[in-house]
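Starting from 1, each residue takes its place in the sequence as its number. When a ligand or atom number is given, it counts from 1 through the structure's own listing order.
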Amino acid sequence: MEGIMVIPKDDAVAFTFFIGYMAMLAASIFFFFERGRVAGKWKLSLLVSGLITFIAAVHYYYMKDYYMATGENPTSLRYIDWTLTVPLMCVEFFLLTKAAGAKLGLLWKLILASVWMLVTGYIGEAYNPEGGDATHSFVWGFLSTLGYIYILYTAWMGEVAKLAEKSNDPVVKRGVRYLAWFVLVGWAIYPIGYMCMPGGWLNTAFGWGSENVDLFYNIADAINKIGFGLVVYGIAVSSNVQKENA
Ligand SMILES: *C/C=C(C)/C=C/C=C(C)/C=C/C1=C(C)CCCC1(C)C
């Protein structure tokens, strides 16, 4: 049908692209509006939450069209999106722990690790030869995982965890712990998607096709980007309530 985008009824990937787009847009509107309602010190965090989902919404707008037109993974758009949004998620960690004494150096280390994780992941995916190459996907996936492990370590045992421990605000402690869980469980969905590309372990071992790359990425993005924002929102709201009750 000329000019109309038709979603095949059995195309789960297309469904998640459209749902992802709308969910990101709705979440952005929610965070931008609610920003006006929270205490001053949380306004920047809520703005960042809204920016993360908004940047994703714009990329989903293009990615869903790319996917509908070609049936292929919009790898470049995906990684452009992540290169902007993952560092912003690092900013959320920094803003939460700033009151407990986080230095700008911590933010830079997290950003550097995430850029490393994404550049190596991009090389793994974008330069995977036609038909797949097990060595290529393993080597770049492994290098990327080092960046992921660094962030994971920082959130659970390193600087972020120690600062949260030092913080005398129980709401911040709880918030950082929630975000750390997202990094451990929610972010772990991405390498699963990566391994579905030709030459990837799940593709080779179980025959999971490359369409699952986008399926996992779309599900993970919705969980992580909206989830991160909601955790931050929850912190902002419950620390308001605490003050009102004090
Ligand atoms: C909003 C987007 C987010 C939170 C994206 C996170 C992406 C990752 C944690 C990606 C990790 C990867 C590995 C750990 C190894 C394989 C390559 C990647 C880039 C998929």
Practice item. Kindly check if the number of other-residue, nucleotide or ligand heavy atoms within 6.0 Å of NZ (Lys173) is above 12? Key: yes
Review point. Between Arg37 and Tyr233, is a side-chain hydrogen bond (donor to acceptor under 3.5 Å, both in side chains) present by the stated rule, with each step listed?
Key: CA-CA 10 Å; Arg37 227 164 56 91; Tyr233 174 70; 3.1 Å; yes
Review point. Which pairs with one or both residues in residues 91-110 pass ring pair (Phe, Tyr, Trp, His ring centres under 6.0 Å), sequence neighbours excluded?
Key: Phe93-Phe228
**Study point:** Residues in contact with ligand 1, criterion: heavy atom under 4.0 Å
**Key:** Tyr79, Trp82, Thr85, Val86, Met89, Met117, Gly121, Gly141, Ser144, Thr145, Tyr148, Trp187, Tyr190, Pro191, Tyr194, Tyr217, Asp221, Lys225
Practice item. Give me the one residue out of Asp11, Asn73, Asp214, Asn218 that meets side-chain hydrogen bond (donor to acceptor under 3.5 Å, both in side chains) with Tyr67. Key: Asp11
Practice item. Could you tell me whether Lys109 and Glu159 have a side-chain N and a carboxylate O separated by less than 4.0 Å? Key: yes
Review point. Parallel under 30°, tilted from 30 to 60°, perpendicular over 60°: which one fits the rings of Tyr122 and Tyr127?
Key: perpendicular
